[in-house]
Trainee: 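Structure below; questions to follow.
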Amino acid sequence: MQNQKTTKMRIQETLKDNIYNFFNERYNTAIDKDSIKIEKTKEGFEGDFSVNVFPFLRIAKTKPETLASDLGQYLQEKIDTIQSVDVVKGFLNISLSDDFWKEFAQTSATTINYPSIYSNDKIVLEFSSPNTNKPLHLGHIRNNLLGESMSQILKLTGSKVIKVNLVNDRGIHICKSMLAWMKWGEGKTPADVGVKGDKFVGDFYVLFDKKYKEQVKELVEKGMPEEEAKKEAPLIKEAQKLLEKWEAGDPETLKVWKMMNGWVYEGFDETYKKLGVSFDKIYYESQTYKKGKELVYEGLKKGVFYQKEDGSVWVDLTDAGLDQKLLLRSDQTSVYITQDIGTFIIRDNDYQADKYMYVVGNEQEYHFKVLQQILNKLGLDGSKVVHISYGMVNLPSGKMKSREGTVVDADDLIAEVIEKAKEKAEELGKLDNLDEETKKKTYEIIGLGALKYFILKIDAKKDMLFNPQQSVDFEGNTAPFIQYTHVRINSLINKAKNQGINTFELKVVDKPIRTILKTLYEYPQIIAKAALTLNPAVIANYIYDLARDYNQFYQTNPILKAENEDLKVSRLYVSQKVASYLEHALSLFGIDIPEKM
RNA sequence: GGACGUGUAGCUCAAUGGAUAGAGCAACGGCCUUCUAAGCCGUAGGUUGCAGGUUCGAGUCCUGCCACGUUCACCA
């Protein structure tokens, strides 16, 4: 069944069609519709939408002002929703009728027909991809938030999204923490010592590194060259033995491995839950790396890969402007890219998706280019691989490095930001009447909201700087600011209802109301842009503008004490609209809104 | 060295090739007996790294240079 409202053409399209006709009729020229630029009229000029006529001067061969006013006259004759036009230099500013805005106001964020970007595509979206040795840190937070948010945005723009996680649960590094636990763990579990599972295991990884370095140092002092010492230290040899046993399927080793990974997953789950992150399916490298090896051997048979004398397998990508790349070591063990080839195939068998998107840091751009090329060589479609590349999170001291202990731990940061929300709330004292349970919930909503927004508001592809001293803000361009705007609107609406006003209606479209409606009108296009550019920050910029516009509106226009009833219900109507858009947009970031704040 | 990316106010960040480059934080000054001040208003702060070029129009595109980052592993 067709819905008249949602299928109704957006005004930009109507304008474009008519502008096209104008040039066709007057100048007998077919212009490119994409070259027509229609944007929201800038602050300080009269109008709702503006058309820039500069690009068409070559066709019209007149002055910009003349062309703009000719076009304005034409459009006004053809489109009855145009109320008036105004020409400033080469800009044609168009004001639409009150009826247009009244009709638009009936649409809501939850019922809009959002533009379809990857139309009906099935998308497998990988993100998080943790390593079972290291507790999650700030970099993972950015990754998780981007992944979760992009999944929401892509769903909204018409795609079917399957969220997957790929856990790096095998390799020499895992054996290091296993070995450390077997040697010095005294058989204790995380529950025994009251430490979160991922932290518990992470500590043994660090312990291994410490003891290993001691051994290396000792050997060097005895006169061994450092390079050799690193290979000869007893601990590293033991770890390698353990890896061999693991690969051979030694039951005792597998038992420890499973147990320790289990602890880690429990810890991760806790953090994921706090962040509001979830997955439809979890893949484990231990289950996919063999498939990659199979494919490499197949490629070798087909002759798209080649083998060196020492037995290592390579691919030549120089024809694609890349280098030679190792696919299997001389001892036939797999490397990183081998595993990614395997996971691609397994996923493709599982889902037959149109796109496989990976939220992975920009330091791996080269890796994904290589992966695409290799898949092409294997006769698969490498263009299905989409790397959602995001920038690093840096500290004032530089890059975060686990080994040097300069990482911001995810759990610590989450706790800190909730604590900060609590302090702020207690200082303001607005929640004093609430029960403890509600208070606690409110601190979490505000603190986590602040954190999520703080990270997602920055252009995903750019590196960002995080200062632990200053941590996240609660004022200005922040989630609490937006949450607060929403809370205040709700309070207003409740008050109105208590006064017996139950039906809000847009009866008046004055200038302040129009300003808000104009911003709301942009929303679907903002969503589309976020999906297209794979960047949630676009939405953050938008909600901030909307909240700011509304706060200005709220501060300068009395609502419950408006001059007359028509204005009152109109302002209430717009307020409610704004609240629903804010809520909708924040939900795309996984940010909730408290009842009170 | 090659490839990719970044460089905008003191700091953190915005700005589909378009109108006077905008916010927040920090600083300074106002607004709570009136709908929640986590708010609003104002002041100050800029040669958009440098030099050219394309264009009616350049922070945005092109070329060169400078600075910083990432990457080019039988690490993942």
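All heavy atoms count here, side chains included; hydrogens, waters and symmetry mates do not. Naming: A, B, ... by sequence-line order, numbering from 1 per chain. Note that the structure is a prediction, hence the values are computed from the model and not measured.
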Trainee: Using a cut-off of 4.0 Å between protein heavy atoms and nucleotide atoms, how would you tag nucleotides 20-26 of chain B 5' to 3' with B, S and -?
Mentor: S--SS--

Trainee: Between A:Lys561 and B:U34, does any side-chain N or O lie under 4.0 Å from OP1 or OP2?
Mentor: no

Trainee: Can you tell me how far CD1 of A:Ile543 sits from CD1 of A:Ile591, rounded to the nearest 0.5 angstrom?
Mentor: 6.5 Å

Trainee: What does A:Asp545 touch in the nucleic acid at a heavy-atom separation under 4.0 angstrom: a base, only the sugar-phosphate, or nothing?
Mentor: nothing

Trainee: For A:Gln470, which contact category applies under a 4.0 Å heavy-atom criterion: base, sugar-phosphate, or nothing?
Mentor: nothing

Trainee: Just how far is it from atom CG of A:Asn93 to atom CG of A:Asp48, taken to the nearest 0.5 Å?
Mentor: 9.5 Å

Trainee: Under 4.0 Å between a side-chain nitrogen and a carboxylate oxygen: does that hold for A:Glu565 and A:Lys568?
Mentor: yes

Trainee: Between A:Glu363 and A:Lys399, is there a salt bridge with N-O shorter than 4.0 Å?
Mentor: yes

Trainee: Evaluate whether the aromatic ring of A:Phe481 and the six-membered ring of the B:G39 base sit under 5.5 Å apart, centre to centre, with an inclination under 30°.
Mentor: no

Trainee: For the P atoms, the ones on B:G24 and on B:C41, what distance do you get once it is rounded to whole angstrom?
Mentor: 8 Å

Trainee: Is a side-chain donor-acceptor pair under 3.5 Å present for A:Ser50 with A:Lys37?
Mentor: no

Trainee: Assign B:C32 to syn or anti; the rule is syn for a glycosidic angle within 90° of 0 and anti otherwise.
Mentor: syn

Trainee: Are side-chain N/O atoms of A:Tyr550 and A:Gln555 paired as donor and acceptor at under 3.5 Å?
Mentor: no

Trainee: Answer yes or no: is there an ion pair linking A:Asp459 with A:Lys461, defined by an N-O contact shorter than 4.0 Å?
Mentor: yes

Trainee: Could you tell me whether A:Pro55 contacts a base, only the sugar-phosphate backbone, or nothing, with contacts defined as non-hydrogen atoms closer than 4.0 Å?
Mentor: base

Trainee: Give a yes-or-no answer on whether the side chains of A:His387 and A:Asn362 include a donor-acceptor pair shorter than 3.5 Å.
Mentor: no

Trainee: Counting the atoms with a prime plus P, OP1 and OP2 as sugar-phosphate, which does A:Asn490 contact under 4.0 Å by heavy atoms, base, sugar-phosphate, or nothing?
Mentor: nothing

Trainee: Closer than 4.0 Å, any side-chain N/O of A:Lys369 to the OP1 or OP2 of B:C4?
Mentor: no

Trainee: Does A:Asp473 offer a backbone N or O that forms a donor-acceptor pair with the side chain of A:Glu475 under 3.5 Å?
Mentor: no

Trainee: Indicate yes or no: does A:Glu13 engage A:Lys33 in a salt bridge with an N to O separation below 4.0 Å.
Mentor: no

Trainee: Quick one: the dot-bracket string of RNA chain B, using Watson-Crick and G-U wobble pairs with both distances under 3.5 Å, [ ] for crossing pairs and | for bases paired to another strand.
Mentor: (((((((..((((....[...)))).(((((.......))))).....(((((..]....))))))))))))....

Trainee: Considering only the P atoms, how many Å lie between B:U20 and B:U48, rounded to the nearest integer?
Mentor: 15 Å

Trainee: Taking B:G17 as the reference, what is the distance to B:C11 when you measure between their P atoms (whole Å, please)?
Mentor: 27 Å

Trainee: Is A:Lys237 salt-bridged to A:Glu232, going by a charged N under 4.0 Å from an acidic O?
Mentor: yes

Trainee: Any idea which of B:C35, B:G39, B:C13 is nearest the A:Leu465 side chain?
Mentor: B:C13

Trainee: Treating primed atoms plus P, OP1 and OP2 as sugar-phosphate and everything else as base, which nucleotides of nucleotides 66-76 of chain B get B, S or - for protein heavy atoms under 4.0 Å?
Mentor: ---SSSS-BSB

